[in-house]
Amino acid sequence: MVGRLRLGTDTARPAPWRNWAGTARSQPVHVARPRDVSEIAEAVTVAAKDGFTVRPRGSGHSFTSIAATDGVAIDLGEWSGVVRADRENHLVTVRSGTPLHRLNAELHRLGMAMANLGDIDAQTISGAISTGTHGTGARLGGLSTQVRALELVLADGSVVTCSPDERPDLFSAARVGLGALGVISTVTLQCVPAFALQAREFPQPLDAILERFDPLCDSEDHVEFHWFPHSDRVQVKHNIRLPADASIAPLSRARQFYEYEVMENSAFGLVCKLGRAVPSVVPTLNRVCASLWSERSYSDHSFRVFTTPRRVRFVETEYAVPRESLHDMLREFRAAIPRLRHPVIVPVEVRVAAADDIPLSTAYGRDSAYIAIHQYVGMPYREYFDCFERIAGAVGGRPHWGKMHTLDASVLATRYPRFDDFRALRATVDPNGVFRNAYLDTVLGPV
């Protein structure tokens, strides 16, 4: 516990921290590992008293420095699990350090599921909602739209609950709060009865899928596609919700191992290493990989279809753009890629989400298309990311809060209608900047 030592006089400094992608590093003066809400509150109170800033951290799966601190880090790894479940109303309250893969398993055991998920389940629930994690589905919002109440520890150490009926302004903002308003201690989620998905994945020319992408998104539950930049082929994925009494036909364990571990991780990892060593062969490797895409159809419990293991390390940026801008943006982006000095080996991912009313949500006030671009670790990416950011910015694109970008508060304020409302609330609940760090100073400005 933090209170048992005077911060700044502790001689045993913790090990340096780095995120999953290696794009962020920091050296905290102390790491608190709370096991209950009182220990979270004590960590915040003592750190503030001793003049240190505080940052909560989860799995480190954000590509930005959002969790980095040279003050006190609150590691939520020991604060995990379901607190209570209301099966009749499908409400679940969960500790903030619970990783999504554990949450999904717990919900399944309770006969429930999250209505939508992203494709990675390594994040903690609090980190996922705080940075605006989302899945795909034209009628569905991001994970934060499934939140019904939050418990937070504020900068003065007080513990507060917020919901649409209790401190609604704080609730509205904290659902995508960047960890700037307090340390989330519990999250209450509106879940749904457990359901299964029929998954169909198939290759198609890029122009062909763009012609039918909008009607496909509007008619199917979940649609996305992956595109190798130096090819004209994509892998389309769409998932249809099955009736409650439907039987499932999942991939066999052998097929899962081959598809995910052998092909999508081990083999693709070797391809990326070859491309990094010999960049001139990347376009050819892209075309070969795209030609190997094949049709796959199966059904399984929802969380097993939504998420897949990702072991090949990459860097990433992602922008949300108005859905009606997607085609023009992709056309310009596609034309720009051959002019890059360095080739791109990791596919582009395109997804959609419904508009919501959360102030710092990338889908605030507009139906959105999400374009995520990646590069293998150790390969040049700056020119590629800058090109993409310029094209996305021309249509008012908003960067994912957990992924790399170069925008600061002066630009972001023009992209979010309620940006100043969020900053005003932040100044009220954290007037001394206890939860600030360099990333927040950049994207939100000083307190």
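Note that the structure is a prediction, hence the values are computed from the model and not measured. These numbers come from the heavy atoms of this one structure, side chains and all, not from hydrogens, waters or symmetry mates.
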- Is the backbone of S59 close enough, under 3.5 Å, to the side chain of T124 for a donor and an acceptor to pair up by distance? no
- Residue pair V92 / A85: nearest heavy atoms and the distance that separates them: CG2-CB, 4.2 Å
- Note on the structure: D232 meets the salt bridge (charged side-chain N to carboxylate O under 4.0 Å, His left out) criterion, sequence neighbours left out, with none
- Run the side chain to side chain contact (heavy atoms under 4.5 Å, CB included) check on I373 and Y319 step by step: do they pass? CA-CA 9 Å; I373 70 169; Y319 269 72; over 6 Å; no
- Item | Donor-acceptor pair between S231 and N286 side chains, under 3.5 angstrom | no
- Message: Evaluate R436 against D430 for salt bridge (Lys or Arg N to Asp or Glu O under 4.0 Å), listing each step before the verdict.
- Response: CA-CA 9 Å; R436 58 164 291 272; D430 185 15; over 6 Å; no
- Show your working on ring pair (Phe, Tyr, Trp, His ring centres under 6.0 Å) between Y381 and Y376 and close with a plain yes or no. CA-CA 9 Å; Y381 66 86; Y376 184 56; over 10 Å; no
- Item | Pair R339 + E383, salt bridge at N-O below 4.0 Å | no
- Message: Within the structure provided, determine whether H400 and T131 are in side-chain contact (heavy-atom separation under 4.5 Å).
- Response: yes
- Does the side chain of M114 reach to within under 4.5 Å of the side chain of F303, using non-hydrogen atoms? no
- Item | Test item: I74 and P34 side chains (from C-beta on) under 4.5 Å apart, heavy atoms | yes
- Search all heavy atoms of P309 against all heavy atoms of N265 and return the closest pair with its distance. O-ND2, 3.4 Å
- Item | Derivation and outcome, side chain to side chain contact (heavy atoms under 4.5 Å, CB included), residues H222 and L197 | CA-CA 10 Å; H222 310 274; L197 290 168; 4.0 Å; yes
- Task: Evaluate the ring planes of H134 and Y370, with Trp represented by its six-membered ring, and classify them as parallel (under 30°), tilted (30 to 60°) or perpendicular (over 60°).
- Result: parallel
- Side chain proximity check, S80 to R102, heavy atoms < 4.5 angstrom: yes
- Query: Short question: side chain of H230, backbone of V344 - any donor-acceptor pair under 3.5 Å?
  - Reply: yes
- Can you measure from CZ (R310) to CD (E264) and round to the nearest 0.5 angstrom? 7.5 Å
- Query: Which heavy-atom pair separates T53 from G433 by the least distance, and what is that distance?
  - Reply: CG2-O, 3.8 Å
- Identify the two heavy atoms, one from C272 and one from I345, that lie closest to each other, and give their separation to 0.1 Å. CA-CD1, 3.7 Å
- Task: Determine yes or no for a side-chain-to-main-chain donor-acceptor pair under 3.5 angstrom, with E316 supplying the side chain and H374 the backbone.
- Result: no
- Item | Evaluation steps, side chain to side chain contact (heavy atoms under 4.5 Å, CB included), between L103 and L107 | CA-CA 6 Å; L103 174 60; L107 291 177; 3.8 Å; yes
- Could you tell me which non-hydrogen atom of P193 sits nearest to which non-hydrogen atom of H90, and how far apart they are? CG-NE2, 3.5 Å
- Value for OG1 (T93) from CG (D86), rounded to nearest 0.5 Å, stands at 9.0 Å
- Query: Does the H61 side chain pair with the main chain of Q123, one donor and one acceptor, at a distance under 3.5 Å?
  - Reply: no
- Query: Are T188 and L150 close enough that some pair of their side-chain heavy atoms sits under 4.5 Å apart?
  - Reply: no
- Just by distance, with hydrogens left out, do E224 and H226 show a side-chain donor and acceptor under 3.5 Å apart? yes
- Query: Counting distance only, does the side-chain N/O of Q190 pair as donor-acceptor with the main-chain N or O of V147 below 3.5 Å?
  - Reply: no
- Please answer whether the main-chain N or O of V187 pairs with a side-chain N or O of E151 as donor and acceptor at a distance below 3.5 Å. no
- Quick one: does R415's side chain have a donor or acceptor within less than 3.5 Å of a partner on G397's backbone? yes
- Query: R95 and S185: side-chain donor and acceptor closer than 3.5 Å?
  - Reply: no
- Query: Should W293 and F228 be marked as a ring pair (Phe, Tyr, Trp, His ring centres under 6.0 Å) after you check the CA-CA gap, both sets of side-chain angles, and the distance that decides it?
  - Reply: CA-CA 11 Å; W293 271 330; F228 272 111; 5.0 Å; yes
- Message: Nearest 0.5 angstrom please: H405 NE2 to D386 CG, how far?
- Response: 13.0 Å
- At what distance, to the nearest 0.5 angstrom, does CZ of R334 lie from CD1 of I337? 9.5 Å
- Query: Hey, what do you get for CD1 (I184) to CG (L76), rounding to the nearest 0.5 Å?
  - Reply: 9.5 Å
- Is it possible for you to check whether R398 lies under 6.0 Å from the centre of the six-membered ring of Y416, through NZ or CZ, and within 45° of that ring's axis? yes
- Message: Looking at S368 and R366, would you say the former's side chain and the latter's main chain have a donor-acceptor pair under 3.5 Å?
- Response: yes
- Charged N-O contact under 4.0 Å between D218 and R323: yes
- Item | Interatomic spacing from OG in S144 to CD in Q146 - rounded to 0.5 Å | 9.0 Å
- Item | Test item: I358 and Y364 side chains (from C-beta on) under 4.5 Å apart, heavy atoms | no
- Aromatic ring pairing Y384/F333, orientation class (parallel under 30°, perpendicular over 60°, tilted between): parallel
- Message: Can you tell whether the side chains of R175 and D357 come within less than 4.0 Å, N to carboxylate O?
- Response: yes
- Message: Is any side-chain heavy atom of F422 closer than 4.5 Å to one of L181?
- Response: yes
- Verify side chain to side chain donor-acceptor pair (under 3.5 Å) between Q198 and S297, making sure each step is shown before the conclusion. CA-CA 7 Å; Q198 175 66 51; S297 183; 3.1 Å; yes
- Message: Under the criterion side chain to side chain contact (heavy atoms under 4.5 Å, CB included), I'd like the reasoning laid out for L425 against L170: C-alpha separation, chi angles, the key distance, then a yes or no.
- Response: CA-CA 7 Å; L425 178 64; L170 179 60; 4.2 Å; yes
- Tell me yes or no: between the side chains of S410 and D408, is some donor less than 3.5 Å from an acceptor? yes
- State, yes or no, whether a side-chain contact exists between V377 and R313 at a heavy-atom distance under 4.5 Å. yes
- Message: Quiz question: by atom type and distance under 3.5 Å, do the side chains of H238 and D221 form a donor-acceptor pair?
- Response: no
- Query: Can you name the nearest heavy-atom pair linking P399 to T362, along with the distance?
  - Reply: O-CG2, 3.5 Å
- Message: Treating W401 as the side-chain partner and L360 as the backbone partner, does any N or O pair qualify as donor plus acceptor under 3.5 Å?
- Response: yes
- May I ask you to check if R241 and F195 form a cation-pi contact, with NZ or CZ under 6.0 angstrom from the six-membered ring centre and within 45° of the axis? yes
- Query: Are T406 and E389 linked by a side-chain donor-acceptor pair shorter than 3.5 Å?
  - Reply: yes
- Item | Main-chain N/O of D121 paired to T307 side chain as donor or acceptor, under 3.5 Å | no
